[in-house]
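Below: the structure, in structure tokens.
Residue numbers start from 1 in every chain, and the chains themselves are labelled A, B, ... in the order their sequence lines are given, proteins ahead of strands.
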2 protein chains.
Amino acid sequence: MKINQYAGVAVGCLFLLSLTVADAQKTLSKEQTAVEARLRALDAEWSAAAAAKDVDKTVSYYSKDAIVLPPNAPPATTREAIHAQWKKDLEGMVNGSWTPTRVEVAKSGDMAFVSGRFQWTSKDASGKTVSDHGKYLEVWEKQADGSWKCGADCWNSDLPASP
Amino acid sequence: MKINQYAGVAVGCLFLLSLTVADAQKTLSKEQTAVEARLRALDAEWSAAAAAKDVDKTVSYYSKDAIVLPPNAPPATTREAIHAQWKKDLEGMVNGSWTPTRVEVAKSGDMAFVSGRFQWTSKDASGKTVSDHGKYLEVWEKQADGSWKCGADCWNSDLPASP
């Protein structure tokens, strides 16, 4: 009986350990791994489109009903508002880029978030060069045609607010 | 034959129309609708916990590996950093709340985003009362135990940056 009890405890421990490992690793399906790779590639393409000051291409990464939440401005929830926001941002940009650091994908492989870091150098209204860096959170959604588009996009600066 | 051709065109039109309607409405499963209701309720509870200046409860809505992206501060990617961020924010708060405006749920019902509006009145370092309002983007993830936790959280102000 004692041996059985020890065996029971050992099996219980192994079970708990397996749960912990599974939880820590968030074991991904092949599809989730493929989606992550695809979104990292898309996010890099997107950053390159912005660096090239291509407003139309930059805006094309958003879904038709996307919401864009830029700092120090109202949310942009129409195609026109999103285009206007990026036109303004890219006109003032000297150079800018972003890189994902974390990607997590839903089990169904139809939704994911991408978060990362950006750096952005721009000219302010007085012509002075201003360097900014910060972080972003994008939600990507698989569209009816199989393509992936960003459906929600929020970012902000790491730098202290001006006094 | 002509009648058959017209019928074919009509069926084709109805098919395209049904696709358009389905796309516009993003028809939700019962599970997705239930998750949306649950997350709206959780987001309201969360806002109430913050309004009550309950730091521990406020932080409890995040998953173990959550990333929190506050404006004008570095990202908080550890439990300790997230706690410190909210402690600071709630200490200075006079009153604050947030309300979701958009919720979208993955087909698998294990990931969703919640976006909405916040208002926040606080005392600054000099004791002056400052009113802020803005928007936020949260990604929620279903945990192994069936609970929902926020895995990524980003927000920013609508107000112009100080000159």
Quick check on Ala152(B) against chain A: is it the side chain, the backbone, both or neither that has a heavy atom closer than 4.5 Å?
both
According to a 4.5 Å side-chain heavy-atom criterion applied to Ile, Leu, Val, Met, Phe, Trp and Tyr, with indirect links allowed, do Trp155(B) and Tyr136(A) form part of one hydrophobic cluster?
no
Does any N or O in the side chain of Asn156(A) come within less than 3.5 Å of the main-chain N or O of Cys154(B), such that one atom is a donor and the other an acceptor?
no
How about Lys87(B): does its NZ atom have over 12 heavy atoms from other parts shown lying under 6.0 Å from it?
no
NZ of Lys135(A) to CD1 of Ile67(B), rounded to nearest 0.5 Å, is 11.0 Å
Best-contacting candidate, Pro71(B), Gly109(B), Pro74(B), against chain A by heavy atom pairs under 4.5 angstrom
Pro71(B)
So how far is it from Phe113(B) CZ to Glu141(A) CD, rounded to the nearest 0.5 Å?
5.0 Å
Taking side chain as everything from C-beta outward and backbone as N, CA, C, O, which of these in Ala125(A) sits under 4.5 Å from a heavy atom of chain B? Side chain, backbone, both or neither.
neither
Proximity breakdown for Pro75(B) and chain A, heavy-atom pairs closer than 4.5 Å:
both
Is Leu69(A) close to chain B through its backbone or its side chain, or both, or neither, when contacts mean heavy atoms under 4.5 Å?
both
What is the distance from atom CE of Met111(A) to atom NZ of Lys107(B), rounded to the nearest 0.5 Å?
10.0 Å
Would you kindly confirm whether Leu159(A) and Trp120(A) end up in one hydrophobic cluster when ILVMFWY residues are joined by side chain heavy atoms under 4.5 Å apart?
no
Side chain, backbone, both or neither: which part of Pro160(A) has an atom under 4.5 Å from a heavy atom of chain B?
backbone
Grouping I, L, V, M, F, W and Y whenever their side-chain heavy atoms are under 4.5 Å apart, do Leu90(B) and Trp98(B) come out in a common cluster?
yes
Give a yes or no on whether the backbone of Asp158(A) and the side-chain of Asn72(B) come within a donor-acceptor separation of less than 3.5 Å.
no
Measure the spacing between CG of Leu137(A) and CD of Glu138(B) and express it to the nearest 0.5 Å.
10.0 Å
With a 4.5 angstrom heavy-atom cut-off, which part of Asp124(B) approaches chain A: side chain, backbone, both or neither?
neither
Identify whether Tyr61(B) and Val139(B) are in the same connected component of the hydrophobic contact network (ILVMFWY, side-chain heavy atoms under 4.5 Å).
no
For residues Val68(B) and Trp140(B): do they belong to one hydrophobic cluster (side chain heavy atoms under 4.5 Å, members Ile, Leu, Val, Met, Phe, Trp, Tyr)?
yes
